[in-house]
Amino acid sequence: MRERADHHMETHATLRELSTLRLEMPPGILVHVCENPQVVEAAADTGRTAPPVCTSGSATTVVLALLDALAASGCAFAHHGDFDWPGIALANRITHRYGAEPWRMRAADYEYLVTRTQVRGTPQIALTGNPAEAVWDGELAPTMNTLGTGIALHEEAALGLLLEDLG
């Protein structure tokens, strides 16, 4: 893993690989958890230094095992995902399990990104499904329901901002 990181390449780990690894991270390191692999790929391509972990959608057993190991080593977490109801539900699970802080996932972030995508002419995606309250921001779900008549934003809409945060 270290060798791949030194070459700015992402690593796709299996549960078997994780069971043999001994993770050593300095306590207090902030790990950025994202939902879309494009975030990790772009971070690797641009030589970002902050450690990201991608859930590739809903957090699977291998992702939870990795995050559990990182938490046990004293890491802290920030989470970003899609601004849609499944993305909010996933963020709620990560927040509950790991005490993750929102990473550009507040109502103000959503408002900014909706405006930016509209100005740039990005095709809009309707927000559908069962609404989910964000445990970290009581204004997020109502804002998502009303702003622009409910627009879902995938993580790519925030990619440049997320890369800035990754150092």
Side-chain angles (χ1 to χ4, degrees), residues 1-15 17-18 21 23 25-26 28-71 73 75-95 97-98 100-127 134 136-137 140 144 148 151-167:
M1 287 179 123
R2 172 60 46 210
E3 187 175 307
R4 291 184 61 81
D6 289 345
H7 288 82
H8 305 290
M9 298 178 71
E10 70 275 8
T11 299
H12 302 269
T14 66
L15 193 55
E17 291 168 324
L18 287 178
L21 276 177
L23 294 174
M25 298 284 283
I29 289 289
L30 181 62
V31 174
H32 291 78
V33 181
C34 62
E35 189 174 340
N36 190 308
Q38 287 184 352
V39 176
V40 173
E41 292 165 359
D45 288 345
T46 56
R48 303 304 180 185
T49 56
V53 171
C54 179
T55 66
S56 292
S58 189
T60 61
T61 302
V62 68
V63 170
L64 295 176
L66 176 58
L67 295 178
D68 286 349
L70 291 169
S73 73
C75 291
F77 299 96
H79 181 271
H80 189 278
D82 293 340
F83 280 107
D84 61 11
W85 302 131
I88 300 304
L90 172 60
N92 283 339
R93 289 192 301 275
I94 298 295
T95 299
R97 186 170 178 129
Y98 302 105
E101 293 295 321
W103 174 27
R104 296 193 185 259
M105 283 290 289
R106 297 194 180 276
D109 300 309
Y110 175 79
E111 290 173 349
Y112 172 77
L113 290 170
V114 166
T115 300
R116 190 169 82 165
T117 60
Q118 290 170 336
V119 167
R120 291 181 175 179
T122 304
Q124 302 297 296
I125 302 167
L127 184 62
W136 65 91
D137 184 347
L140 181 55
M144 289 172 63
I151 295 171
L153 294 171
H154 291 173
E155 211 164 22
E156 297 93 321
L159 185 59
L161 298 171
L162 300 177
L163 290 176
E164 287 176 19
D165 296 341
L166 291 174

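Along the sequence shown, residues are numbered consecutively beginning with 1. Worth saying up front: this structure is predicted, and the values here are computed from it rather than measured.
When side chains are defined from C-beta on, Thr95 does not count as touching Glu101, because their heavy atoms never get closer than 4.5 Å. Side chains of Trp136 and His79 form no contact here, defined as non-hydrogen atoms less than 4.5 Å apart. Looking at Leu159 and Val39, their side chains come closer than 4.5 Å, going by heavy atoms from C-beta outward. Contact of the Val63 side chain with the Leu67 side chain is registered, since non-hydrogen atoms from C-beta on lie closer than 4.5 Å. Side-chain atoms of Leu113 and Leu161, non-hydrogen and from C-beta on, do get closer than 4.5 Å to each other. Here the side chains of His32 and Arg48 are not in contact, with every heavy-atom distance at 4.5 Å or above. Side-chain contact between Ile29 and Leu70 is absent, with no heavy atoms from C-beta onward closer than 4.5 Å.
In this structure, Ile94 and Ala59 approach most closely via the heavy-atom pair CD1-CB, 4.3 Å. Smallest separation of non-hydrogen atoms from Pro52 and Ala50: CD-O, 3.0 Å. Between Pro37 and Ser56, the shortest heavy-atom contact is CG-OG, 3.7 Å.
No side-chain donor-acceptor contact under 3.5 Å links Arg97 to the backbone of Asp68. Proximity of a side-chain donor or acceptor of Tyr110 to a complementary backbone N or O of Leu153 within less than 3.5 Å is not detected. Between the side chain of Asn92 and the main chain of Ala134, no donor-acceptor pair closer than 3.5 Å is present. Side-chain N or O atoms of Thr55 include none that pairs as donor or acceptor with a backbone N or O of Ser58 at under 3.5 Å. Looking only at distances, no side-chain donor or acceptor of Asp165 sits under 3.5 Å from a matching main-chain atom of Leu162.
The side chain to side chain donor-acceptor pair (under 3.5 Å) test with Asn36 singles out one residue from Glu41, Glu155, Glu156, and that residue is Glu156.
Arg93 CZ to Leu64 CG: the interatomic distance, rounded to the nearest 0.5 Å, is 9.0 Å. Put simply, CZ on Phe83 and CG on Leu140 are 6.0 Å apart, with the number rounded to the nearest 0.5 Å. In this structure, Thr60 OG1 and Leu66 CG are separated by 9.5 Å, a value rounded to the nearest 0.5 Å. Note that CG of Leu90 is 14.5 Å distant from CH2 of Trp85, once rounded to the nearest 0.5 Å. Atom SG in Cys75 sits 4.5 Å away from atom CE in Met25 (nearest 0.5 Å).
Remark: the Glu35 side chain and the His80 side chain contain no N/O donor-acceptor pair separated by less than 3.5 Å. Judged purely by distance below 3.5 Å, without hydrogens or angles, the side chains of Thr122 and Arg116 never pair a donor atom with an acceptor atom.
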Requested in this report: Take Ile125 and Ile151 through the side-chain contact (heavy atoms from CB on, under 4.5 Å) test and state the conclusion after the steps.
Outcome: CA-CA 6 Å; Ile125 302 167; Ile151 295 171; 5.6 Å; no
Requested in this report: List the steps and the verdict of side-chain contact (heavy atoms from CB on, under 4.5 Å) for Leu166 and Thr49.
Outcome: CA-CA 6 Å; Leu166 291 174; Thr49 56; over 6 Å; no
Requested in this report: Verify side-chain contact (heavy atoms from CB on, under 4.5 Å) between Cys34 and Val40, making sure each step is shown before the conclusion.
Outcome: CA-CA 8 Å; Cys34 62; Val40 173; 3.8 Å; yes
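Relative ring orientation between Phe77 and Tyr98 is described as tilted, the plane-to-plane angle lying within the 30° to 60° band.
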